Amino acid sequence: LEAMQKLQAQAHNEMLKQAQQVVDSQANALFNASASPVVGNTKGNVTLVEFFDYQCPYCKRVAPSINQLAKDNANLRIVYKELPIFGESSYFAAQAALAANMQNKYLPFHNALMEAKPPFTPVQILDIAKSAGLDVNKLQADMKSKTVMEELKSNIALANQLQLAGTPAFIVANVAINGHQVAKPAKSVFIPGAMSADNLQQSIKQVQ
């Protein structure tokens, strides 16, 4: 048992080490991709990246805490990385959310999807979009745009590089945003799974 625990610890440490290399080398894609929705203080010096799926129960559970963290931390940027891993409905929801961002109504739609009970249908997702005040015809057109499709492709590639086994997953980093370029984070914490609001808050303080 002790030998097995040591092997598991070594594997975990190796995963964290590799993830840190990805965070450093892919800083621009992780923290400053033009199509990634950003909420909170867009000029804040601490960034919280969340990979999530709208049908993931753990993501839904942590969603109110993420919103509260934005209120409690005046210097916090939150970057949402859509990672649809629960099938076609999740992919449709992710496309719709990124299209909503193009109408500057990402957060209301995001929160409404997080509050909705899965499994989703396309009709349900579009109804939620309409209720959130979105132009549904424009939304459906933008869902198929190159911007949306490239963002999802990038998110999936980043998740694979980070070896994410599921959602949610978080990166908390002290990173300077300078135009379109991002330097290697001064400090960062990779969290490959669900995390309590208190622990996320501790990670924010840790990297400040």
Side-chain angles (χ1 to χ4, degrees), residues 30 33-42 44 47-74 76-156 158-159 164 166-172 191 193-197 200-201 204:
L30 285 166
S34 60
S36 293
V38 179
V39 303
N41 183 351
T42 57
T47 298
L48 169 66
V49 176
E50 181 188 10
F51 287 86
F52 69 95
D53 184 302
Y54 286 112
Q55 296 193 108
C56 163
Y58 300 105
C59 300
K60 288 182 176 295
R61 194 175 303 169
V62 78
S65 298
I66 301 299
N67 289 333
Q68 189 61 46
L69 286 171
K71 295 176 182 178
D72 294 342
N73 296 272
L76 182 65
R77 293 173 74 243
I78 299 174
V79 177
Y80 287 108
K81 291 291 190 182
E82 309 275 344
L83 185 62
I85 60 174
F86 283 84
E88 293 182 6
S89 293
S90 288
Y91 199 87
F92 190 94
Q95 286 178 281
L98 290 172
N101 192 45
M102 298 166 75
Q103 296 186 38
N104 296 316
K105 292 186 177 180
Y106 177 82
L107 192 57
F109 185 52
H110 170 87
N111 287 336
L113 284 174
M114 280 300 183
E115 292 170 3
K117 293 182 178 180
F120 294 150
T121 65
V123 171
Q124 180 186 7
I125 292 167
L126 295 178
D127 283 345
I128 292 171
K130 185 176 181 180
S131 298
L134 286 153
D135 180 335
V136 174
N137 289 331
K138 184 179 187 309
L139 185 87
Q140 289 179 286
D142 288 339
M143 286 172 64
K144 302 173 185 177
S145 68
K146 182 179 179 180
T147 297
V148 167
M149 303 310 291
E150 287 296 322
E151 172 70 0
L152 290 173
K153 183 179 178 180
S154 174
N155 290 352
I156 292 168
L158 287 169
L164 299 187
T167 53
F170 304 93
I171 301 166
V172 184
I191 306 166
M195 181 66 70
S196 70
L200 285 172
Q201 182 63 64
I204 291 169

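Just so we're clear, the structure is a prediction, and the values are computed from it rather than from any experiment. Here, residue 1 is the first one in the sequence, and each next residue gets the next number.
- The minimum heavy-atom distance between L98 and P37, with the atom names listed, is CD2-CD, 3.8 Å.
- Distance CG/N155 to CG/L164: 10.5 Å, rounded to 0.5 Å.
- Of the inter-residue distances, the one linking T147 atom OG1 with L152 atom CG reads 11.0 Å to the nearest 0.5 angstrom.
- Side chains of I128 and F109 form a contact here, defined as non-hydrogen atoms less than 4.5 Å apart.
- Here the shortest heavy-atom pairing between L139 and A129 reads CD2-CB, 3.7 Å.
- With sequence neighbours excluded, the residues satisfying side chain to side chain contact (heavy atoms under 4.5 Å, CB included) with A194 are Y58, P168.
- Formation of a donor-acceptor pair under 3.5 Å by the K60 side chain with backbone atoms of K117 is not found in this model.
- Interatomic distance, F170 CZ to I204 CD1, rounded to the nearest 0.5 Å: 10.5 Å.
- Within the 3.5 Å criterion, the main-chain N or O of D127 finds a donor-acceptor partner in the side chain of S131.
- Every pair passing side chain to side chain donor-acceptor pair (under 3.5 Å) that includes a residue from residues 79-95 is listed here, sequence neighbours excluded: S36-K81, D53-S90, Y54-E82, Q55-S90, E82-Y106.
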Checklist line | Chi angles and distances behind the side chain to side chain contact (heavy atoms under 4.5 Å, CB included) call for L107, N101 | finding: CA-CA 8 Å; L107 192 57; N101 192 45; over 6 Å; no
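- In this structure, C56 and C59 approach most closely via the heavy-atom pair SG-SG, 2.9 Å.
- Here the side chains of N67 and N111 are in contact, with some heavy-atom distance below 4.5 Å.
- Among residue pairs with one or both ends in residues 124-149, none qualify as ring-ring contact (aromatic ring centres under 6.0 Å, His included); sequence neighbours excluded.
- For the atom pair CG (N104) and CE (M102), the distance works out to 10.5 Å, reported to the nearest 0.5 Å.
- N41 places a side-chain N or O within 3.5 Å of a backbone atom of A74 that can act as its donor or acceptor partner.
- Note that CZ of F51 is 5.0 Å distant from CG of L158, once rounded to the nearest 0.5 Å.
- Under the 3.5 Å distance criterion, the side-chain polar atoms of K105 are left unmatched by any main-chain donor or acceptor of A100.
- No side-chain heavy atom of I171 sits less than 4.5 Å from a side-chain heavy atom of V79.
- The structure places CE of M143 at 7.0 Å from CD of Q140, a figure rounded to the nearest 0.5 Å.
- Looking only at distances, no side-chain donor or acceptor of R77 sits under 3.5 Å from a matching main-chain atom of G44.
- Every residue two or more places apart in sequence or in another chain that forms a side chain to side chain contact (heavy atoms under 4.5 Å, CB included) with T121 is listed here: V123, Q124.
- Side-chain contact between V39 and I66: absent, with no pair of heavy atoms (C-beta onward) separated by less than 4.5 Å.
- Legend: salt bridge (Lys or Arg N to Asp or Glu O under 4.0 Å) pairs involving residues 132-145, not counting sequence neighbours, sorted by first then second residue: K138-D142.
- Proximity of I78 to E50: side-chain heavy atoms (C-beta onward) are nowhere separated by under 4.5 Å.
- Applying the ring pair (Phe, Tyr, Trp, His ring centres under 6.0 Å) rule to F120 yields no partners; only residues at least two apart in sequence or on another chain are considered.
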